[in-house]
Amino acid sequence: RKVFDVGKLQELADSIKANGVIVAVTVEDTGEGYYILHDGERRILAAKLAGLTEIPATITPALNGTGTQQRLLRALVANDQRSDLNPIEQASAYQRLVSMGMTKEQVAKRIGRSDNYVIGRLYLLQLDEAIQGLIAAGLLPTDSKAVRALLTLPSEARIKLAKRIARPGLGINAIVKACETLKEKLEQAKPQAIHIAAPALNFVGTRSDNKPTPWPTIRAAAQGMCDHCDANPRSPAVPEPAWSLIVEQTE
């Protein structure tokens with residue numbers, strides 16, 4: 001869990017102050033004089049707000065070998081079953097399990113979700129952090145169709161668009177349409193690529209009659225040689241060094 005609703009946390013603290021902690025937290029006894037929390041971080045924070053110094057806990061034996069992975073799975077399943085995690089927290093947890101060597105299919109099976117659900121959540125992590133924040137806050141949908149549409153835009157453009165359209169209940173089709181419209185505008189705003197043949201390439205080797213070359217032609221040749229560097233392998237016809245030709249013709 002990365003995000004805590006302060007208001008709801010205070011509500012839970014008030015309830016705990018009046019009724020105590022009804023559901024025990026789950027901790028692991030490491031056998032080394034301390035415990036590792038598996039489930040109940042929100043209850044612990046609320047209990048502290050309520051002024052409690054002791055709360056009930058279910059203690060499990062130490063996990064060896066795959067301890068880190070098993071702890072994450074336990075915490076993830078417990079929170080996932082209560083729908084306590086936002087989509088980005090889920091995605092981050094799934095990604096951690098994948099980085100520990102589990103396949104997406106194995107993660108899905110262990111937490112009781114479909115393969116497509118896990119893959120869809122992981123897909124969210126391709127978005128910029130600013131957009132992930134909007135999704136975590138429930139201001140943008142998690143549907144992969146909407147995510148794909150956003151990813152067709154340049155990073156800066158999609159962040160600006162996401163912030164502009166973000167609101168609860170925003171439809172998937174509305175996002176797709178907004179992305180398509182913005183993409184068209186960006187394409188229209190792009191400067192059109194214009195191919196200009198280097199004047200130098202036409203200039204080289206054409207003055208075999210030793211007649212003076214007009215200055216505008218020399219200037220055009222100079223510009224062409226600047227545009228097509230001597231070292232450019234795509235312009236092998238430019239003599240080496242190109243500037244020696246410019247100096248010679250100018251003289």
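Computed from a prediction, not measured in an experiment: that's the story for all the values here.
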| About how many Å separate CG of L49 and CG of L52, when rounded to the nearest 0.5 Å? | 10.5 Å
| query | Can you tell me how far CZ of R42 sits from CG of L12, rounded to the nearest 0.5 angstrom? | reply | 5.0 Å
Side chains of residues 119-128: which donor-acceptor pairs under 3.5 Å do they make with residues two or more places apart or in other chains?
from : atom 1 : to   : atom 2 : distance (Å)
R121 : NE     : Q90  : OE1    : 2.7
R121 : NH1    : T142 : OG1    : 3.4
R121 : NH2    : Q90  : OE1    : 3.4
R121 : NH2    : Y117 : OH     : 3.0
D128 : OD1    : R158 : NE     : 2.6
D128 : OD2    : S155 : OG     : 2.6

| Within residues 47-59 or reaching into it, pairs that qualify as salt bridge (charged side-chain N to carboxylate O under 4.0 Å, His left out) - sequence neighbours excluded | none
| said: Test of understanding: clusters of I, L, V, M, F, W, Y form through side-chain heavy atoms closer than 4.5 Å, transitively. Do V98 and L85 belong to the same one? | reply: yes
| task | Go through the structure and list residues passing side chain to side chain contact (heavy atoms under 4.5 Å, CB included) with D29, not counting sequence neighbours. | result | Y35, I59
| task | Provide the closest heavy-atom pair for A57 versus V27 in the form atom of the first, atom of the second, distance. | result | CB-CG2, 4.2 Å
| Inter-residue atom distance L150.CG - L134.CG, 0.5 Å rounding | 10.0 Å
| query | Just wondering, do L73 and I111 contact through their side chains at under 4.5 Å, heavy atoms? | reply | yes
| message | Applying salt bridge (charged side-chain N to carboxylate O under 4.0 Å, His left out) as the test, list every pair that has at least one member in residues 146-157; sequence neighbours left out. | response | E156-K160
| field | Whether E184 side chain and T181 backbone form a donor-acceptor pair below 3.5 Å | value | no
| said: side chain to side chain contact (heavy atoms under 4.5 Å, CB included), that's the test. Do L37 and E28 meet it? Break it down for me. | reply: CA-CA 6 Å; L37 179 68; E28 172 191 344; over 6 Å; no
| query | Quick one: does R113's side chain get under 4.5 Å of Y94's, heavy atoms only? | reply | yes
| A174: side chain to side chain contact (heavy atoms under 4.5 Å, CB included) partners, not counting sequence neighbours | L170
| field | Hphob cluster co-occupancy, I44 + L9, side-chain heavy atoms under 4.5 angstrom | value | no
| said: Run the side chain to side chain contact (heavy atoms under 4.5 Å, CB included) test against N173 and tell me which residues pass, sequence neighbours left out. | reply: K145
| query | What is the distance from atom CG of L140 to atom CD1 of I135, rounded to the nearest 0.5 Å? | reply | 5.5 Å
| field | Distance, nearest 0.5 Å, that separates OG of S114 from NZ of K109 | value | 14.5 Å
| What residues, two or more places apart in sequence or in another chain, satisfy side chain to side chain contact (heavy atoms under 4.5 Å, CB included) together with A149? | V176, C179
| task | Spell out, as yes or no, whether a donor-acceptor pair under 3.5 Å connects the side chain of Q106 to the backbone of T103. | result | yes
| request: Taking the side chain as every heavy atom from C-beta outward, state whether V25 and T58 have any pair of such atoms under 4.5 Å apart. | output: no
| message | Side-chain heavy atoms nearer than 4.5 Å, only ILVMFWY residues, links allowed to pass through others: does that put I172 and I88 together? | response | no
| Partners meeting side chain to side chain donor-acceptor pair (under 3.5 Å) with K163 (sequence neighbours left out) | none
| remark: What one should report as the nearest heavy-atom pair of P141 and A146 is CG-CB, 4.3 Å
| Pairs involving residues 166-182, ordered by first then second residue, that meet salt bridge (charged side-chain N to carboxylate O under 4.0 Å, His left out) (sequence neighbours left out) | none
| request: Mind checking side chain to side chain donor-acceptor pair (under 3.5 Å) for T152 and listing every partner two or more places apart, or none if nothing turns up? | output: none
| request: Rounded to the nearest 0.5 Å, what's the gap from CD1 on I159 to CZ on R164? Could you check? | output: 13.0 Å
